[in-house]
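For reference, the structure discussed in these notes is given below.
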Amino acid sequence: MKLFDVYPINPIHIARAQGSYVWDNHGQQYLDMYGGHAVISIGHTHPHWTQSITEQLNQIAFYSNSVQIPLQQQLADKLGQVSGKTDYQLFLCNSGAEANENALKLASFHTNRKKIVAFSKAFHGRTSLAVSATDNKQYIAPVNETDNVIFLPFNDEAELKALFEFEGEQIAAVIIEGIQGVGGINIATPSFLQLIRSLCDQYGSVYIADSVQCGYGRSGKFFSHDHAGVDADIYTMAKGMGNGFPVAGIIIAPHIAPKYFMLGTTFGGNHLACAAALAVLDVIDQEQLIDNARETGEYLMNALRQIAPLQHVRGHGLMIGFDVPESIASLKKHLLEQYHIFTGEAKPNVIRLLPSLALNRAEADAFLTAIQQAIKDLQPS
Ligand SMILES: Cc1ncc(COP(=O)(O)O)c(C=O)c1O
């Protein structure tokens, strides 16, 4: 049987990983500034995480949501403590798209409305409503085409106000990434997020903070929306939540009431996933990784701003992007092939850095030295 060929992949077989490093099957070490697409939050194979999962595996891996799973409440308590959203309600699922799908569906149930507002360059996942709210025609199958999603320009306050004045009473939800990831590290302005909050309050719509990539401490605060001092009605989470173990969830403000069967899942909230997610929060808390993300991120961004050909260095914490000029367009490939450093990208010319939140100064320095040398190789003066 062949694999269904949907990913353009690097010809590298990663066999082992630890902290901010991975090794291929020939023993070559790579610095992981990509975090396996923003997934690695506490560092690869963190000993507390592997131990928690292993111990859980030896007890019970899975039982369905038809019985009590006390680990779910433990996870909710810890998540409330670390995120500060103690009065929210947790629903667990398995992936970022599924988290957004559930959030959008819940908003529609809650408001009894159909219209969703999303923004240019948004990415919310591949499932039906999540992909309809994603601004990329390549991902949208004919069956996902809908008039229920309205796209507006990102950070355009006038357009948002005008839309709400025109049809605010039809709008179930506004969904927005606090920092767009796939779209190229575009930061929502605090005033834009505050406007979304006030319009959602005024018109009874639901503010959904897609925090799948920019959440879980990556931005130097638990949720990137916290930088704007606003509380969303629903936060969606995945990637960093399990440090590579598939687990996702949404947290829901207290005024949105649950009803039996409105949401559901077979695998969501299983014992193993909860053990992995709890271990991640323990480590984020104990090792103060949110502070580390903020400090190391600022250090990296300040240094990157001194590297002349790189343009528009931007981000928060360890979610960083910069534009690469055409003359050194192969920088990402060169970093991987010659310097054994994984980075992320956003088309057409953005390099994205999404390393583990435990990235230390020495690793940041190793990256900075390598990128300067790589630029010199490509642009000899
Ligand atoms: C902001 C955002 N939302 C949703 C998703 C979808 O997550 P998943 O691939 O786990 O379904 C992604 C994935 O990259 C994302 O970056």
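We use all heavy atoms of the structure for the numbers below, so side chains are in, but hydrogens, waters and symmetry mates are not. Not measured: the values here are computed from a predicted model. Whatever order the structure lists them in is the order used to number ligands and atoms, beginning at 1.
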Donor-acceptor contacts, no H, no angles, side chain residues 181-194, under 3.5 Å, sequence neighbours left out:
{"residue": "N186", "atom": "ND2", "partner": "Q180", "partner atom": "OE1", "Å": "2.9"}
{"residue": "N186", "atom": "ND2", "partner": "G183", "partner atom": "O", "Å": "3.1"}
{"residue": "T189", "atom": "OG1", "partner": "F192", "partner atom": "N", "Å": "3.2"}
{"residue": "S191", "atom": "OG", "partner": "E157", "partner atom": "OE2", "Å": "2.6"}
{"residue": "Q194", "atom": "NE2", "partner": "A228", "partner atom": "O", "Å": "2.9"}

Practice item. Please round to the nearest 0.5 Å and tell me the distance separating atom CG of L199 and atom CD1 of I171. Key: 8.5 Å
Point to revise | H271 ring center near F62 ring center (under 6.0 Å) | key: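 No, too far apart.
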Check your understanding: H110 and H255: aromatic ring centres closer than 6.0 Å?
Key ->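 Yes, ring centres under 6.0 Å apart.
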**Study point:** Those protein residues which place at least one heavy atom below 4.0 Å from ligand 1
**Key:** H37, S95, G96, A97, N100, F123, H124, G125, E177, D210, V212, Q213, K239
Check your understanding: Can D147 and K115 be counted as an ion pair, charged N to O under 4.0 angstrom?
Key ->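 Salt bridge absent between D147 and K115.
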Check your understanding: Does the pair R314/D323 count as a salt bridge with the N-to-O cut at 4.0 Å?
Key -> yes
